[in-house]
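Chain letters run A, B, ... following the sequence lines, proteins first and then strands; every chain starts at 1.
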Amino acid sequence: MSAIPDKPQLEGLEAKWGKVWEEQGTYRFDREGADRDGVYSIDTPPPTASGSLHVGHVFSYTHTDTVARYQRMRGKRVFYPMGWDDNGLPTERRVQNYYGVRCDPSLPYVEGFVPPHEGGDGKSVKAADQQPVSRRNFIELCERLTVEDEKQFEDLWRTLGLSVDWSQSYRTIGDESLRASQLAFVRNVQRGEAYQAQAPTLWDVTFRTAVAQAELEDRDQPGAYHTLHFHRTDSSGAVGEGDLLIDTTRPELLPACVALVAHPDDERYQPLFGTTVRTPLFDVEVPVVAHHLAQPDKGTGIAMICTFGDVTDVVWWRELQLPSRSVLGFDGRLVSEAPEAIESEAGREAYAQLAGKTVFSAKQAVVELLQASGELSGEIRTITHPVKFFEKGDRPLEIVSTRQWYITNSAHDEALRERLLAHGRELDWHPEFMRVRYENWVEGLSGDWLISRQRFFGVPIPVWYPLDADGNPVYDEPILPAESQLPVDPSSDVPAGYTEAQRGVAGGFQGEVDVMDTWATSSLTPQLAGGWERDPELFGLVYPYDLRPQGQDIIRTWLFSTLLRSELEEGRLPWRHAGISGWILDPDRKKMSKSKGNVVTPAGMLEQHGSDAVRYWAASAKLGTDAAFDPQNPTQIKIGRRLAIKLLNAAKFALGFDAAGAGLVTEPLDRSMLAGLARVVEEATRAFDAYDHARALELAESFFWTFCDDYLELVKERAHGGEGQSQASAVTALRAALSIFARLLAPFLPYASEEVWSWMAEGSVHTADWPLASELTALAGDDADAELLGLVGAALVGVRGAKTAAKASQKTPVELAVVQAPEASAERLRLAAADLAAVGRIAELRIEAAPVDAVAVAEIRLEQAEA
RNA sequence: GCGCCUGUAGCUCAGUCGGUUAGAGCGCCACGCUUACACCGUGGAUGUCGGGGGUUCGAGUCCCUCCGGGCGCACCA
């Protein structure tokens, strides 16, 4: 036990206790002699190391920490690891800007490379100003920067007081993670769950990579309808009679047109099905076909199918078995060579004017050409329509045909879909309604999960391809590494049976250059952290996990993909509970985001207000509920700070009374307080078990204020100046209550409660036993009157009110006070009359039974102040 | 288009199974240096529970409907 300071304060507690916890290993996961039932395991979200932390992180990670601390105090061995999601695009972008470089895989490695600058100013560096570096140099810079970023993150998490076992941390780009992701992938391939396909793919032209359905978002964009003349081949071919009018928002894709399509029931176009038309400008003959996805009420009711303008084009192209006539390159520009189908001189000339242009410029050029040829009908009508974007991108996605790796996700497998939905029902969601989002997502899956990315800093896809006699890769026969060989980098490692000299030569092999989507690694966090295929004993202790905490925005990505991988690998749910935190909204109720400039740095908040205060704010919001936060006026944080300070001061005060005679609680008021507290303990425990940490906090907090404002005031005279058993009773009750409060509040205010605990007990409050109501009823007796404190409190309010009304100090003596109460209450009140008289400085206190509804002061006579 | 959440005091939010007079904190007003706490304490005022309809002895709570706010999924010529 340590001495109580003269002036307890919050400042410095983070550093003081953070150090002690680290030294004592307070949060260390102890597996010695553990069994699965004695463990509480948490599948912690690995934050994106290269991103900046914002208040939203503090919010949701605090939610999880309160649960971790509660479970630890319940006697569970808590497995609470921390991972860093350091691979992927965010890191690449940050490295580009931080060091002023860009990856060019064609360049050779430079030993001892020094980047052009370091630190940057946070602004993005233009691509033209970035120095091209080799892939290996680029990855080295990624590694260097993420290690630094992760250190800062860890410092912040430690200051916030997350009770993470830091010896269990992992990086998604670390060797063990690489090995586990590749191992899982290889097994997916072996079981037929991972495959490659050449197919139209959503493509980000800025990052030049394919993206998956889960990473899409719709954004409203300006667009325009253009009405084009298509010429019927059975007419003269000249503009005019018999032309078909087609509305399109993508006129630049006209050279990629492969057909026109209308609904089979559309009588206007039924006569044309089976005939052909010629495209404007390019004079390509295309069929008129029928498909049920064509909407008669859209545009002119007949659409042009291009390869590829949108995902519907892809469906039509596939289902109607149309030819491919791609014009868009990976860079988002029209390719230099016109499609072969464009044969006419005029058509090839027209295309030559588009070649090399961006989509935007090509659109303008086509419009001009169409206007010149008279094949554009009427006005161009501008509209606003949703367009698919990569969530991290800022240019619309295009669709290009590429070879990619996929993992089956039930889009084409009804039985798997049923299993995934069943798992969704089996999982305990907090709050419950979040399950719907999962179901929406699973039911809306339109294609398998595209996991290959044409990027650099990620887990390499661990395959090689044999090269045939002509030096062409045989993609259908990928060479997989042996499990014992993992992790591998196919760019530098050599497959079994080959030598490095055979790389890239006919009859030899080539390595896959793509890396995995970051979610392909993150979807394995239960495996990565839990020692899957590395530490079977650990895995058996923690898996399936008890809790997956996460934000609502990544249900379709992280939650879904983790559940999927677990189903594929283990055939079962990876966790029992999912705790979904809400958003942080700024005062205008808009989601906080960097671009809006309303992000506050958590480090500054913790520094200014103290960690306990910030945690209080976070913990007072329920799971799944958005919380408003105004950095200019952080009300909840101030309230939390007040609570933490109050805890320190109340403890100091209560522990200051002479405890020599402590032992039994005999006074009715003391017993009442303990009985009330016992109820709070029961309810708070129930709330925590139901993943309602906010209610547990509210219960503890509100009773704590009653304890301070009423009980402590009522008994301080007795505890300080009283004698014998009545004094001992008060002191015993105060100490018992304090011990309970420190523990009830420990999950929320780990610093203040630890400080207070250190004044009265050995060890850490965070490894102490979660309070039991029985501790209190043992002291207070089973028949204690929990209501008494409230009755006395009501009388006290009456006395105080009278003094306030008289504009007198609370210490003003009272000559006479008459308290009236209902018959039954009056008798009980008399049991605490002495305490009430003492705090009110009442010379003569009369308690009368009367026909009133509630306790009230009927008459009061204050002693006159000096005349 | 399908669906989920949400609307309670000026603000942020509780309100359990339908049950007495709807709560808390902040803010506001007034008072008070009272054995810890001025980063404090005491007291007070404050409501069309979004609107309408229904069920019920009784509705903030259940049902229907309309309106507002937020979000998910789908659509994308």
Side-chain angles (χ1 to χ4, degrees), chain A residues 4 6-10 218 221 223 225-226 228 246-250 253 260-262 293-295 298-306 309-313 316 385-388 431 433-444 446 552-553 555-556 582-583 585 587 589-591 610 613 617 620-622 624-630 633 635-636 638-639 641-642 644-657 683 686-687 694-695 698 701-702 705 708-709 712-713 716-717 720-721 796-812 839 841 853-854:
Chain A
I4 306 175
D6 287 343
K7 272 227 162 270
Q9 51 175 19
L10 296 177
D218 286 348
Q221 294 289 303
Y225 273 120
H226 304 70
L228 275 48
I246 305 289
D247 278 346
T248 180
T249 58
R250 305 284 315 257
L253 292 180
L260 298 188
V261 65
L293 282 182
Q295 296 181 33
K298 271 221 166 120
T300 58
I302 183 163
M304 70 173 189
I305 303 174
C306 304
D310 60 41
V311 288
T312 316
D313 277 347
W316 283 327
H385 62 158
V387 175
K388 288 198 188 311
F433 65 77
M434 289 292 179
R435 172 183 289 115
V436 177
R437 302 202 183 182
Y438 169 81
E439 288 173 348
N440 279 345
W441 179 250
V442 174
E443 283 161 2
S446 60
Q552 54 175 313
D553 52 330
I555 289 174
R556 67 177 184 172
W583 288 121
L585 306 171
R589 304 213 67 90
K590 293 284 185 289
K591 187 192 158 196
W617 158 75
S620 52
K622 292 188 291 195
T625 302
D626 296 341
F629 177 66
D630 182 355
N633 190 22
T635 313
Q636 286 294 309
K638 289 180 182 166
I639 295 166
R641 183 176 171 84
R642 202 168 66 116
I645 291 170
K646 191 75 174 183
L647 178 61
L648 296 179
N649 284 311
K652 172 186 156 64
F653 186 46
L655 292 172
F657 302 125
E683 281 188 60
R686 216 175 299 133
R695 176 151 174 78
E698 194 206 323
E701 179 194 14
S702 70
W705 283 107
C708 291
D709 295 346
L712 197 41
E713 293 294 328
K716 66 185 184 187
E717 295 280 344
H720 185 252
L796 182 56
V797 165
V799 175
R800 285 165 173 167
K803 291 183 181 178
T804 300
K807 305 198 171 189
S809 153
Q810 289 298 322
K811 69 175 181 186
T812 309
V839 68
R841 293 169 187 270
D853 292 337

Of the listed nucleotides [options], the one nearest the side chain of [X]:
X      : options                : result
A/N440 : B/rU12, B/rG72, B/rC76 : B/rG72
A/K807 : B/rA30, B/rU35, B/rC76 : B/rA30
A/Q810 : B/rC71, B/rC37, B/rU34 : B/rU34
A/Q295 : B/rC75, B/rG41, B/rC4  : B/rC75
A/R556 : B/rG72, B/rU34, B/rC73 : B/rC73
A/R437 : B/rG70, B/rU35, B/rC71 : B/rC71
A/W441 : B/rC31, B/rC5, B/rA74  : B/rA74
A/I639 : B/rC39, B/rC26, B/rC71 : B/rC26
A/Q552 : B/rC71, B/rA36, B/rC26 : B/rC71
A/N649 : B/rC76, B/rU35, B/rA36 : B/rA36

Tell me if the side-chain of [X] makes a donor-acceptor pair with the base of [N], cut-off 3.5 Å, by modelled atom types.
X      : N      : value
A/R642 : B/rC39 : no
A/E443 : B/rA74 : no
A/D218 : B/rC75 : yes

statement: On RNA chain B, more 5' by nearest nucleotide between A/G801 and A/P8 is A/P8
field: Comparing A/K652 and A/G624 on RNA chain B - which has the more 5′ nearest nucleotide
entry: A/G624
Applying a 4.0 Å non-hydrogen cut-off, can you work out what [X] is touching in the nucleic acid: base, sugar-phosphate, or nothing?
X      : value
A/K803 : nothing
A/K298 : base
A/T312 : sugar-phosphate
A/E717 : base
A/Q9   : nothing
A/A294 : base
A/G299 : nothing
A/R800 : sugar-phosphate
A/H720 : base
A/I645 : base
A/W705 : sugar-phosphate

Sticking with atom [atom1], work out how far [N] lies from [M], rounded to a whole angstrom.
N      : M      : atom1 : answer
B/rG23 : B/rC49 : C1'   : 12 Å
B/rG72 : B/rG27 : C1'   : 36 Å
B/rC33 : B/rG41 : C1'   : 10 Å
B/rC2  : B/rG58 : C1'   : 37 Å
B/rG53 : B/rA59 : C1'   : 13 Å
B/rC11 : B/rU48 : P     : 12 Å
B/rG15 : B/rG50 : P     : 15 Å
B/rU61 : B/rG52 : P     : 12 Å

- request: Going 5' to 3' through nucleotides 14-24 of chain B, assign each nucleotide B (protein heavy atom under 4.0 Å from a base atom), S (under 4.0 Å only from sugar-phosphate atoms) or - (no protein heavy atom that close).
  value: SSB----B---
When both hydrogen-bonding distances must be under 3.5 Å and the geometry is Watson-Crick or G-U wobble, what is [N] paired with, if anything?
N      : answer
B/rA30 : B/rU42
B/rA36 : none
B/rG3  : B/rC71
B/rU56 : none
B/rU61 : none
B/rC17 : none

Side chains of [X] and [Y], heavy atoms from C-beta outward: is any pair under 4.5 Å?
X      : Y      : result
A/R800 : A/E713 : yes
A/T249 : A/Y225 : yes
A/R695 : A/E683 : yes
A/I555 : A/W441 : no
A/I639 : A/Q636 : yes

task: For the pair A/T635 (side chain) and A/N633 (backbone), establish whether a donor and an acceptor sit closer than 3.5 Å, ignoring hydrogens and angles.
output: yes
- prompt: Checking A/K803 side chain against A/T812 main chain: does a donor-acceptor pair fall under 3.5 Å?
  reply: yes
message: For a quick test of reading the model, state the closest non-hydrogen atom pair linking A/M304 to A/L253 and the distance between them.
response: CE-C, 4.3 Å
- line: Minimal heavy-atom distance between A/C306 and A/D313, with the atoms involved, is O-OD2, 3.1 Å
